[in-house]
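Taking it in order: structure first as C-alpha coordinates, then the write-up.
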Amino acid sequence: MEKLIDEFRKGWQGAAPPSLGLSIAFAVACLLVATLARWGLAQVRPDVYFTPYFPAVFFAAAFGGLRIGVVTAIVGGVLGVVVNFSDAIADHARFALLALYWAVSALTIWGVEHYRTMLVEQRRISKRLIEEEDYRKLLVDELQHRLKNKLSTVHAVIHQVLHDQPQVWARVDPRLRSLAATDDLISRIDRAGCDIRDLLISELGPYGHVRFTLNGDRLFLPPKLAVTLSLMFHELATNAGKYGAFSAPRGLLQVSWTVADDRLTVTWDETEGPTVDKVSEPGFGTKLLKSALSAFDGRTEISYLKTGLHCIMQCRIPRSE
(Lines give C-alpha, C1' and ligand atoms only; values in the text may rest on other atoms or scores of the structure.)
Protein backbone atom coordinates (compact mmCIF):
# COMPACT_ATOMS: atom_id res chain seq x y z
CA MET A 1 0.00 0.00 0.00
CA GLU A 2 2.83 2.40 0.84
CA LYS A 3 4.45 1.66 -2.50
CA LEU A 4 1.17 2.45 -4.28
CA ILE A 5 0.78 5.71 -2.38
CA ASP A 6 4.38 6.68 -3.15
CA GLU A 7 3.85 5.93 -6.86
CA PHE A 8 0.69 8.02 -6.84
CA ARG A 9 2.48 10.89 -5.12
CA LYS A 10 5.35 10.86 -7.61
CA GLY A 11 2.95 10.66 -10.54
CA TRP A 12 0.84 13.51 -9.20
CA GLN A 13 3.92 15.69 -8.68
CA GLY A 14 5.29 14.76 -12.09
CA ALA A 15 8.46 13.28 -10.61
CA ALA A 16 7.91 9.91 -12.33
CA PRO A 17 5.30 8.58 -14.78
CA PRO A 18 2.70 6.33 -13.10
CA SER A 19 2.11 2.78 -14.25
CA LEU A 20 -0.64 2.03 -16.80
CA GLY A 21 -2.72 0.20 -14.22
CA LEU A 22 -2.62 3.06 -11.75
CA SER A 23 -3.42 5.57 -14.50
CA ILE A 24 -6.46 3.55 -15.58
CA ALA A 25 -7.63 3.13 -11.98
CA PHE A 26 -7.31 6.87 -11.40
CA ALA A 27 -9.26 7.65 -14.60
CA VAL A 28 -12.03 5.22 -13.58
CA ALA A 29 -12.21 6.90 -10.16
CA CYS A 30 -12.49 10.31 -11.82
CA LEU A 31 -15.32 9.06 -14.05
CA LEU A 32 -17.16 7.56 -11.06
CA VAL A 33 -16.90 10.81 -9.10
CA ALA A 34 -18.03 12.77 -12.16
CA THR A 35 -21.02 10.43 -12.63
CA LEU A 36 -22.00 10.84 -8.96
CA ALA A 37 -21.71 14.60 -9.36
CA ARG A 38 -23.90 14.41 -12.45
CA TRP A 39 -26.47 12.37 -10.51
CA GLY A 40 -26.52 15.08 -7.82
CA LEU A 41 -26.93 17.83 -10.39
CA ALA A 42 -29.69 15.86 -12.09
CA GLN A 43 -31.83 16.40 -9.00
CA VAL A 44 -31.84 20.10 -9.90
CA ARG A 45 -31.05 20.17 -13.64
CA PRO A 46 -31.75 16.87 -15.42
CA ASP A 47 -30.40 18.26 -18.70
CA VAL A 48 -26.76 18.41 -17.47
CA TYR A 49 -25.13 15.55 -19.37
CA PHE A 50 -21.45 16.28 -19.95
CA THR A 51 -20.32 19.18 -17.77
CA PRO A 52 -19.28 17.02 -14.75
CA TYR A 53 -16.92 15.02 -16.98
CA PHE A 54 -14.71 17.99 -17.87
CA PRO A 55 -12.82 17.89 -14.53
CA ALA A 56 -12.48 14.11 -14.91
CA VAL A 57 -10.81 14.55 -18.30
CA PHE A 58 -8.53 17.26 -16.96
CA PHE A 59 -7.30 15.30 -13.93
CA ALA A 60 -7.01 12.01 -15.82
CA ALA A 61 -4.92 13.66 -18.56
CA ALA A 62 -2.79 15.51 -16.01
CA PHE A 63 -2.06 12.29 -14.12
CA GLY A 64 -1.95 9.61 -16.82
CA GLY A 65 -1.06 11.54 -19.95
CA LEU A 66 -2.47 11.94 -23.44
CA ARG A 67 -3.87 8.45 -24.02
CA ILE A 68 -5.57 8.21 -20.65
CA GLY A 69 -7.08 11.66 -21.17
CA VAL A 70 -8.46 10.73 -24.60
CA VAL A 71 -9.96 7.47 -23.31
CA THR A 72 -11.51 9.30 -20.36
CA ALA A 73 -13.05 11.90 -22.68
CA ILE A 74 -14.51 9.19 -24.92
CA VAL A 75 -15.90 7.17 -22.01
CA GLY A 76 -17.29 10.33 -20.38
CA GLY A 77 -19.09 11.21 -23.62
CA VAL A 78 -20.56 7.72 -23.88
CA LEU A 79 -21.75 7.85 -20.27
CA GLY A 80 -23.33 11.24 -20.93
CA VAL A 81 -25.36 9.77 -23.79
CA VAL A 82 -26.16 6.30 -22.43
CA VAL A 83 -26.71 6.91 -18.72
CA ASN A 84 -29.90 8.82 -17.91
CA PHE A 85 -31.06 10.13 -14.55
CA SER A 86 -34.42 11.28 -15.93
CA ASP A 87 -36.99 10.29 -18.52
CA ALA A 88 -35.28 12.30 -21.26
CA ILE A 89 -34.09 10.40 -24.31
CA ALA A 90 -30.94 11.00 -26.34
CA ASP A 91 -31.92 13.43 -29.11
CA HIS A 92 -30.07 15.58 -31.65
CA ALA A 93 -29.47 18.29 -29.06
CA ARG A 94 -27.63 15.86 -26.81
CA PHE A 95 -25.42 14.66 -29.64
CA ALA A 96 -24.65 18.27 -30.51
CA LEU A 97 -23.62 18.81 -26.89
CA LEU A 98 -21.54 15.62 -27.16
CA ALA A 99 -19.63 17.05 -30.12
CA LEU A 100 -19.04 20.30 -28.20
CA TYR A 101 -17.92 18.31 -25.14
CA TRP A 102 -15.38 16.35 -27.15
CA ALA A 103 -14.06 19.52 -28.80
CA VAL A 104 -13.55 21.23 -25.45
CA SER A 105 -12.04 18.04 -24.03
CA ALA A 106 -9.59 17.91 -26.93
CA LEU A 107 -8.46 21.46 -26.18
CA THR A 108 -8.18 20.59 -22.49
CA ILE A 109 -6.09 17.48 -23.19
CA TRP A 110 -3.83 19.43 -25.58
CA GLY A 111 -3.26 22.14 -22.98
CA VAL A 112 -2.52 19.63 -20.23
CA GLU A 113 -0.15 17.65 -22.44
CA HIS A 114 1.65 20.83 -23.46
CA TYR A 115 2.08 21.74 -19.80
CA ARG A 116 3.29 18.22 -18.98
CA THR A 117 5.88 18.44 -21.75
CA MET A 118 7.12 21.77 -20.45
CA LEU A 119 7.25 20.39 -16.91
CA VAL A 120 9.28 17.36 -18.00
CA GLU A 121 11.71 19.60 -19.89
CA GLN A 122 12.00 21.92 -16.91
CA ARG A 123 12.73 19.02 -14.60
CA ARG A 124 15.34 17.70 -17.04
CA ILE A 125 17.06 21.08 -17.20
CA SER A 126 16.91 21.46 -13.41
CA LYS A 127 18.43 18.02 -12.92
CA ARG A 128 21.19 18.84 -15.40
CA LEU A 129 21.92 22.15 -13.67
CA ILE A 130 22.10 20.42 -10.30
CA GLU A 131 24.48 17.81 -11.70
CA GLU A 132 26.65 20.49 -13.29
CA GLU A 133 26.66 22.50 -10.06
CA ASP A 134 27.75 19.44 -8.09
CA TYR A 135 30.47 18.81 -10.68
CA ARG A 136 31.58 22.45 -10.46
CA LYS A 137 31.81 22.22 -6.67
CA LEU A 138 33.83 19.03 -6.98
CA LEU A 139 36.25 20.70 -9.39
CA VAL A 140 36.53 23.81 -7.23
CA ASP A 141 37.25 21.72 -4.14
CA GLU A 142 39.86 19.72 -6.06
CA LEU A 143 41.48 22.90 -7.42
CA GLN A 144 41.55 24.43 -3.96
CA HIS A 145 43.15 21.27 -2.60
CA ARG A 146 45.78 21.26 -5.37
CA LEU A 147 46.44 24.97 -4.94
CA LYS A 148 46.97 24.52 -1.23
CA ASN A 149 49.36 21.63 -1.90
CA LYS A 150 51.28 23.63 -4.51
CA LEU A 151 51.53 26.62 -2.20
CA SER A 152 52.82 24.37 0.56
CA THR A 153 55.37 22.93 -1.87
CA VAL A 154 56.47 26.42 -2.95
CA HIS A 155 56.73 27.41 0.71
CA ALA A 156 58.93 24.40 1.47
CA VAL A 157 61.17 24.92 -1.59
CA ILE A 158 61.74 28.61 -0.89
CA HIS A 159 62.40 27.85 2.76
CA GLN A 160 65.02 25.32 1.71
CA VAL A 161 66.67 27.78 -0.72
CA LEU A 162 66.68 30.61 1.80
CA HIS A 163 67.72 28.45 4.73
CA ASP A 164 71.03 30.32 4.99
CA GLN A 165 69.38 33.74 4.57
CA PRO A 166 67.06 34.12 7.58
CA GLN A 167 66.52 37.85 7.01
CA VAL A 168 65.18 37.33 3.50
CA TRP A 169 63.10 34.35 4.66
CA ALA A 170 61.61 36.47 7.44
CA ARG A 171 60.25 38.84 4.78
CA VAL A 172 58.99 36.14 2.40
CA ASP A 173 57.43 33.74 4.91
CA PRO A 174 54.63 36.05 6.20
CA ARG A 175 53.55 36.87 2.63
CA LEU A 176 53.29 33.24 1.65
CA ARG A 177 51.27 32.51 4.76
CA SER A 178 48.97 35.44 3.95
CA LEU A 179 48.36 34.02 0.48
CA ALA A 180 47.43 30.66 1.99
CA ALA A 181 45.08 32.38 4.46
CA THR A 182 43.41 34.21 1.58
CA ASP A 183 42.75 30.97 -0.29
CA ASP A 184 41.23 29.46 2.85
CA LEU A 185 39.00 32.51 3.32
CA ILE A 186 37.72 32.36 -0.27
CA SER A 187 36.71 28.72 0.18
CA ARG A 188 34.81 29.61 3.36
CA ILE A 189 32.96 32.70 2.15
CA ASP A 190 31.50 30.76 -0.78
CA ARG A 191 29.35 29.01 1.83
CA ALA A 192 28.91 31.43 4.72
CA GLY A 193 29.95 34.95 3.65
CA CYS A 194 32.31 37.13 5.69
CA ASP A 195 33.01 40.63 6.99
CA ILE A 196 34.27 43.09 4.39
CA ARG A 197 37.20 44.14 6.60
CA ASP A 198 38.36 40.54 7.01
CA LEU A 199 38.07 40.07 3.25
CA LEU A 200 40.18 43.15 2.49
CA ILE A 201 42.81 42.29 5.08
CA SER A 202 43.09 38.80 3.63
CA GLU A 203 43.47 40.10 0.06
CA LEU A 204 45.82 42.99 0.87
CA GLY A 205 47.82 41.39 3.68
CA PRO A 206 50.48 39.80 1.42
CA TYR A 207 51.53 43.31 0.29
CA GLY A 208 52.24 44.46 3.83
CA HIS A 209 49.86 45.92 6.39
CA VAL A 210 51.66 49.27 6.43
CA ARG A 211 50.84 49.79 2.74
CA PHE A 212 47.09 50.18 3.15
CA THR A 213 44.43 51.67 5.44
CA LEU A 214 40.81 50.60 5.81
CA ASN A 215 37.99 52.97 6.76
CA GLY A 216 34.50 51.72 7.46
CA ASP A 217 32.25 50.00 9.97
CA ARG A 218 31.95 46.27 10.34
CA LEU A 219 29.77 44.94 7.54
CA PHE A 220 28.80 41.32 6.92
CA LEU A 221 28.62 40.35 3.25
CA PRO A 222 26.33 37.52 2.04
CA PRO A 223 28.16 34.66 0.28
CA LYS A 224 27.53 35.60 -3.38
CA LEU A 225 28.38 39.26 -2.87
CA ALA A 226 31.42 38.36 -0.78
CA VAL A 227 32.79 36.09 -3.52
CA THR A 228 32.16 38.74 -6.18
CA LEU A 229 33.91 41.45 -4.18
CA SER A 230 36.78 39.12 -3.36
CA LEU A 231 37.38 38.62 -7.09
CA MET A 232 37.30 42.38 -7.65
CA PHE A 233 39.59 43.16 -4.71
CA HIS A 234 41.99 40.47 -5.88
CA GLU A 235 42.09 41.96 -9.38
CA LEU A 236 42.63 45.49 -8.05
CA ALA A 237 45.31 44.33 -5.61
CA THR A 238 47.09 42.35 -8.33
CA ASN A 239 47.10 45.39 -10.62
CA ALA A 240 48.35 47.55 -7.74
CA GLY A 241 51.19 45.09 -7.20
CA LYS A 242 52.13 45.07 -10.90
CA TYR A 243 51.51 48.64 -12.02
CA GLY A 244 50.03 50.66 -9.16
CA ALA A 245 50.69 51.76 -5.60
CA PHE A 246 52.12 48.46 -4.37
CA SER A 247 54.72 48.47 -7.17
CA ALA A 248 56.30 51.69 -5.85
CA PRO A 249 58.32 51.97 -2.61
CA ARG A 250 56.17 54.82 -1.24
CA GLY A 251 52.87 53.74 -2.72
CA LEU A 252 49.85 53.62 -0.42
CA LEU A 253 46.27 52.40 -0.71
CA GLN A 254 43.17 53.58 1.11
CA VAL A 255 39.93 51.61 0.95
CA SER A 256 36.76 53.01 2.48
CA TRP A 257 33.15 51.90 2.42
CA THR A 258 29.77 53.28 3.44
CA VAL A 259 26.24 51.88 3.52
CA ALA A 260 23.07 53.88 2.85
CA ASP A 261 19.83 51.89 3.13
CA ASP A 262 20.78 48.69 1.30
CA ARG A 263 23.37 50.28 -1.01
CA LEU A 264 27.08 49.66 -0.50
CA THR A 265 29.73 52.06 -1.80
CA VAL A 266 33.39 51.03 -1.77
CA THR A 267 36.11 53.52 -2.71
CA TRP A 268 39.59 52.31 -3.74
CA ASP A 269 42.23 55.08 -3.77
CA GLU A 270 45.87 54.54 -4.69
CA THR A 271 48.49 57.24 -4.12
CA GLU A 272 52.23 57.68 -4.65
CA GLY A 273 52.29 55.04 -7.35
CA PRO A 274 53.78 55.21 -10.84
CA THR A 275 52.28 57.79 -13.18
CA VAL A 276 49.88 56.32 -15.70
CA ASP A 277 50.89 57.71 -19.08
CA LYS A 278 48.79 55.45 -21.30
CA VAL A 279 45.82 53.22 -20.56
CA SER A 280 45.89 49.94 -22.48
CA GLU A 281 42.89 48.28 -24.09
CA PRO A 282 40.45 46.77 -21.54
CA GLY A 283 41.44 43.21 -20.71
CA PHE A 284 39.70 40.45 -18.78
CA GLY A 285 40.37 42.13 -15.44
CA THR A 286 38.84 45.45 -16.50
CA LYS A 287 35.81 43.71 -17.97
CA LEU A 288 35.43 41.77 -14.74
CA LEU A 289 35.50 44.95 -12.67
CA LYS A 290 32.97 46.64 -14.97
CA SER A 291 30.43 43.82 -15.05
CA ALA A 292 30.83 41.83 -11.81
CA LEU A 293 28.36 43.91 -9.78
CA SER A 294 25.59 43.99 -12.39
CA ALA A 295 23.93 41.02 -10.67
CA PHE A 296 23.56 43.20 -7.57
CA ASP A 297 22.16 46.23 -9.39
CA GLY A 298 25.58 47.82 -9.17
CA ARG A 299 28.27 49.49 -11.24
CA THR A 300 31.99 50.25 -11.14
CA GLU A 301 33.69 53.52 -12.07
CA ILE A 302 37.46 53.46 -12.73
CA SER A 303 39.55 56.62 -13.10
CA TYR A 304 43.29 56.86 -13.74
CA LEU A 305 44.39 60.00 -11.88
CA LYS A 306 47.85 61.49 -11.51
CA THR A 307 47.88 60.36 -7.89
CA GLY A 308 46.98 56.80 -8.85
CA LEU A 309 44.03 54.58 -9.67
CA HIS A 310 40.65 55.63 -8.27
CA CYS A 311 37.80 53.10 -8.28
CA ILE A 312 34.26 53.41 -6.93
CA MET A 313 32.15 50.25 -6.55
CA GLN A 314 28.45 50.56 -5.80
CA CYS A 315 25.92 47.75 -5.40
CA ARG A 316 22.86 46.53 -3.54
CA ILE A 317 23.39 44.28 -0.52
CA PRO A 318 21.07 41.23 -0.79
CA ARG A 319 18.87 40.81 2.25
CA SER A 320 19.15 37.04 2.17
CA GLU A 321 20.37 34.24 -0.11
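Atoms considered below: every heavy atom in the structure, side chains included; atoms not considered: hydrogens, waters and symmetry mates. Nothing here was measured: the structure is a model prediction, and the numbers come from that model.
Side-chain contact between Phe296 and Pro318 is present, with at least one heavy-atom pair separated by less than 4.5 Å. You'll find the side chain of Phe246 stays beyond 4.5 Å of the side chain of Asn239, heavy atoms only. Counting heavy atoms from C-beta on, the side chains of Leu229 and Met232 come closer than 4.5 Å. Under the 4.5 Å side-chain criterion, counting only non-hydrogen atoms from C-beta, Leu214 is in contact with Leu204. Between Arg94 and Asn84, the closest side-chain pair of non-hydrogen atoms falls below 4.5 Å. Counting heavy atoms from C-beta outward, Trp268 and Leu309 have side chains that approach closer than 4.5 Å. Side-chain contact between Leu289 and Cys311 is absent, with no heavy atoms from C-beta onward closer than 4.5 Å. No side-chain heavy atom of Thr117 sits under 4.5 Å from any side-chain heavy atom of Glu121.
Trp102 contributes atom CH2, which lies 15.0 Å from atom CG of Leu107 (distance to the nearest 0.5 angstrom). In this structure, CD in Glu235 is found 7.0 Å from OG1 in Thr286, a value given to the nearest 0.5 Å. Once rounded to the nearest 0.5 Å, the distance linking NE2 of His234 with OG of Ser202 reads 11.0 Å. Rounding to the nearest 0.5 Å gives a distance of 4.5 Å between OG1 of Thr300 and CG of Leu293. Going from atom OG1 of Thr271 over to atom CG of Leu305 covers 11.0 Å, rounded to the nearest 0.5 Å. Atom NZ in Lys127 sits 9.5 Å away from atom CD1 in Ile130 (nearest 0.5 Å).
A pairwise comparison of heavy atoms in Gly273 and Ala248 identifies CA-CB, 4.1 Å as the closest pair. The two atoms that bring Pro18 and Leu22 nearest to each other are CB-CD2, 4.2 Å, heavy atoms only. Annotation for Thr228 and Ala292: closest pair CG2-O, 3.5 Å, computed over non-hydrogen atoms. Nearest heavy atoms, Leu41 versus Pro52: CD1-CG, 3.9 Å. Contact record, Cys30 with Phe59: SG-CB, 4.1 Å, taken as the closest heavy-atom pair. Minimum heavy-atom separation, Leu199 to Ala226: CD2-O, 3.7 Å.
A salt bridge links Glu113 with Arg116: the distance from a Lys NZ or Arg NE/NH1/NH2 to an Asp or Glu carboxylate oxygen falls below 4.0 Å.
Between the side chain of Glu270 and the backbone N or O of Ala245, at least one donor-acceptor pair lies under 3.5 Å. In terms of modelled atom types and a separation under 3.5 Å, the side chain of Ser247 and the main chain of Gly244 share a donor-acceptor contact. Remark: side-chain polar atoms of Thr72 are paired, donor with acceptor, to backbone N or O of Ile68 under 3.5 angstrom. Panel note: side chain Ser230, backbone Val227; a donor-acceptor pair is recorded below 3.5 Å.
Annotation for Asp134: atom CG counts as buried by contact number, over 12 foreign heavy atoms lying within 6.0 Å. The environment of Tyr243 atom OH is sparse: at most 12 non-hydrogen atoms of other residues, nucleotides or ligands sit within 6.0 angstrom. Counting non-hydrogen atoms of other residues, nucleotides and ligands closer than 6.0 Å to CZ of Arg218 gives a total above 12. Counted within 6.0 Å of CZ on Arg263, heavy atoms from surrounding residues, nucleotides or ligands total more than 12; the atom is thus considered enclosed. Counted within 6.0 Å of CG on Asp261, heavy atoms from surrounding residues, nucleotides or ligands total 12 or fewer; the atom is thus considered open.
Residues Ile74 and Val83 share a single hydrophobic cluster, defined by chaining ILVMFWY side chains whose heavy atoms lie under 4.5 Å apart. Ile312 and Val255 fall into different hydrophobic clusters, where Ile, Leu, Val, Met, Phe, Trp and Tyr are joined by side-chain heavy atoms under 4.5 Å apart, directly or via other members. Hydrophobic clustering, with ILVMFWY side chains joined whenever heavy atoms are under 4.5 angstrom apart, keeps Leu20 apart from Val70. Following chains of ILVMFWY side-chain contacts shorter than 4.5 Å, one can reach Leu219 starting from Phe233, so the two form part of one hydrophobic cluster. By the criterion of side-chain heavy atoms lying less than 4.5 angstrom apart, applied directly or through intervening Ile, Leu, Val, Met, Phe, Trp or Tyr residues, Tyr53 is grouped together with Trp39 in one hydrophobic cluster.
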Please assess Thr265 against Trp257 for the test side-chain contact (heavy atoms from CB on, under 4.5 Å), listing each intermediate value before the final yes or no. CA-CA 5 Å; Thr265 301; Trp257 61 91; over 6 Å; no

Trace of the side-chain contact (heavy atoms from CB on, under 4.5 Å) decision for Thr258 with Thr267: CA-CA 9 Å; Thr258 58; Thr267 303; over 6 Å; no

Determine, stepwise, if the pair Leu98 / Phe95 fulfils side-chain contact (heavy atoms from CB on, under 4.5 Å). CA-CA 5 Å; Leu98 173 63; Phe95 284 105; 4.1 Å; yes

Evaluate Asn215 against Gln254 for side-chain contact (heavy atoms from CB on, under 4.5 Å), listing each step before the verdict. CA-CA 8 Å; Asn215 299 316; Gln254 178 174 306; 3.4 Å; yes

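Residue pairs satisfying the salt bridge (Lys or Arg N to Asp or Glu O under 4.0 Å) criterion with at least one member in residues 300-317, sequence neighbours excluded, are listed as follows: Arg299-Glu301.
Using the six-membered ring where Trp is involved, Trp110 and His114 have ring planes that are parallel, under 30° apart on the 30 and 60° scheme.
Put simply, the residue from Val75, Val82, Val81 that forms a side-chain contact (heavy atoms from CB on, under 4.5 Å) with Val78 is Val82.
Every residue two or more places apart in sequence or in another chain that forms a ring pair (Phe, Tyr, Trp, His ring centres under 6.0 Å) with Phe50 is listed here: Tyr101.
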